[in-house]
Protein chains: 2
Amino acid sequence: MEIDPRSHIPIYLQIVEAIRSAIAAGVYRPREALPSLRALALETQVNPNTVQRAYDELEREGFVYSQRGRGLFVTEDGRRAAQDHARRTIRHRLDEVLRAAAVAGIEPAGVREIFDAAIESFSPTEGQSP
Amino acid sequence: MEIDPRSHIPIYLQIVEAIRSAIAAGVYRPREALPSLRALALETQVNPNTVQRAYDELEREGFVYSQRGRGLFVTEDGRRAAQDHARRTIRHRLDEVLRAAAVAGIEPAGVREIFDAAIESFSPTEGQSP
DNA sequence: CTGAGTGCCCTAGTTGGCTAAGGCAGTAAG
DNA sequence: CTTACTGCCTTAGCCAACTAGGGCACTCAG
C-alpha cells in the first residue's frame, strides 16, 4: 500500500481508496478479514487512529463491517459495490480532466491523443518479444 | 473563476490552476496585466493574502512577472509554457487514472470505454439539429 | 481463567491553510 | 505635489484536519 504523507489528500482517504481498490480487485474477499488496525498502521507507518478513521469511512460506505474483538470483514456484496465505485470514480476523474482541458483551450480530441499515448506507454503492446 | 472552499486542494492552488489555464487559453495574453490582487480577491471572495500566495507561485513558475506599483503581467512565452504545462498535467492525471484503475482490477481497455462515454456526453455530437 | 489479539474511544497536540489588519514602497494620472 | 492605484511585507491569530498516545471492552485460543 502506497501512502504519500505530503499529498493534499488526507492520509485516511488514501487508505480508504487503497482498501476499496483492493476489495474491488479481489485481494480481500467477502466475509474475509482485513488487516487489523495496528497491523495496517505498522505497515503504512501511520497512526492507528488514522487507520481507524479510514475503516470507519469504509464501514459507513458499506464495504466492510466490524466486529468488536474479532476484526473487520468485507461485506457480502462489498466487491461488486467497490467495483461500481471504482468505475464511477474513474468516470468522474475523466470528466474533470476533460473539463479542465476545455478551460485551458484543449478540445476533447486533443485529450484523446494524450489518452492514447498514456495507454500506449502504460501497457507497451504486451505480446511482442524482443 | 470557480473556487471551492471545501475542496482538499488549497484555495491558492485552485487559483494558480485557474490563472494558468486562462493564460493557456489566451484569456490573458503576454505583456498583458492580470487582475490586481485586491480585485481578484474581491471577485473570488477570498483574502488578498491568499491571492498573493497564488501569484507568488505563478511567478515562481515563470508564467508571470510582477512590477511593484504597476501590476502582474504574463511573461513573453507564458502562453506556450502554460499550454505545455496543461498538456503535461492532463497526461499526468490520465496516468494516475490508469494506474488507479489497474489497482482496482480494471484494464486500460475498460478505462477506454469509460473515456469514450465521457467524451460522448461531454460534447454530445455537436452538429446534429433536433 | 489468562493472555494476546481485536475494535473502539478519549483527550491532547501539531500543523498547514487561511484570515485579519495594517503599513511600506513604487507607479502613474490629475 | 497629491491621490489613488499597484505589489509586497509583517504580525498575529484562528480553525479544521490530522496525528499521537493511552486506555477500555470484547473475543477467542491456550
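Lettering of chains follows the sequences in order, A, B, ..., and the numbering in each one begins at 1.
Of all nucleotides listed (D:dC28, D:dT19, D:dG7), D:dT19 comes nearest to the side chain of A:Arg53.
When rounded to the nearest whole Å, the span between CD1 of A:Ile9 and P of D:dA17 equals 16 Å. At whole-Å resolution of the value, CD in A:Gln45 and P in D:dT19 are 13 Å apart. Taking atom CG of B:Leu37 as the reference point, atom C1' of D:dA4 lies 16 Å away to the nearest angstrom. The CG atom of B:Asn47 sits 13 Å away from the C1' atom of D:dC14 (whole-angstrom rounding). The separation between A:Leu72 atom CG and D:dC26 atom C1' is 15 Å, rounded to whole Å.
Residues that satisfy the salt bridge (Lys or Arg N to Asp or Glu O under 4.0 Å) test with A:Asp56, not counting sequence neighbours, are absent from this structure. Scanning for side chain to side chain contact (heavy atoms under 4.5 Å, CB included) contacts around B:Val46 gives B:Ile11, B:Ile15, B:Thr44, B:Thr50, B:Val51, with sequence neighbours left out. By the side chain to side chain donor-acceptor pair (under 3.5 Å) test, B:Gln83 pairs with no residue at all, sequence neighbours left out.
If you walk DNA chain C from 5' to 3' and mark each nucleotide with an atom closer than 4.0 Å to a heavy atom of chain A, the marks span C:dG5 to C:dC10.
Heavy-atom distances to DNA chain D give each of A:Gln67 and B:Gln67 a nearest nucleotide, and the one nearer the 5′ end belongs to B:Gln67.
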Contacts under 3.5 Å, N or O only, protein and nucleotides 22-25 of chain D:
{"from": "D:dA25", "atom 1": "O4'", "to": "A:Arg68", "atom 2": "NH2", "distance (Å)": "3.2"}

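Other residues sharing the hydrophobic cluster of B:Ile9, ordered by chain and number and joined by side-chain separations under 4.5 Å: B:Tyr12, B:Leu13.
Pairs passing the ring pair (Phe, Tyr, Trp, His ring centres under 6.0 Å) check and including a residue from residues 28-83 of chain A, sequence neighbours excluded, read A:Phe63-A:His85, A:Tyr65-A:Phe73. Each salt bridge (charged side-chain N to carboxylate O under 4.0 Å, His left out) pair with one or both residues in residues 101-119 of chain B, not counting sequence neighbours, appears once here: A:Arg112-B:Asp116, A:Asp116-B:Arg112. Sorted by first and then second residue, the pairs that involve residues 5-18 of chain A and meet salt bridge (charged side-chain N to carboxylate O under 4.0 Å, His left out), not counting sequence neighbours, are A:Glu17-A:Arg93. The list of salt bridge (charged side-chain N to carboxylate O under 4.0 Å, His left out) pairs with a residue in residues 64-79 of chain A, not counting sequence neighbours, reads A:Arg31-A:Glu76.
Of the residues in residues 12-20 of chain A, none lies under 4.0 Å from DNA chain C by heavy-atom distance. Listed by residue number, the members of residues 54-65 of chain B with any heavy atom below 4.0 angstrom from DNA chain C form an empty set.
One finds no side-chain N or O of B:Ser66 lying less than 4.0 angstrom from the OP1 or OP2 phosphate oxygen of D:dG7.
Under the 4.0 Å criterion applied to side-chain N and carboxylate O atoms, B:Glu57 and B:Arg60 are assigned as salt-bridge partners. By the 4.0 Å N-to-carboxylate-O rule, B:Asp95 lies close enough to B:Arg91 to be salt-bridged with it.
Distance alone, capped at 3.5 Å, is enough to place a donor-acceptor pair between the A:Thr75 side chain and the A:Gly62 backbone. A donor-acceptor pair is defined here as one N or O able to donate and one able to accept, closer than 3.5 Å; such a pair exists between the side chain of A:Gln14 and the backbone of A:Asp4.
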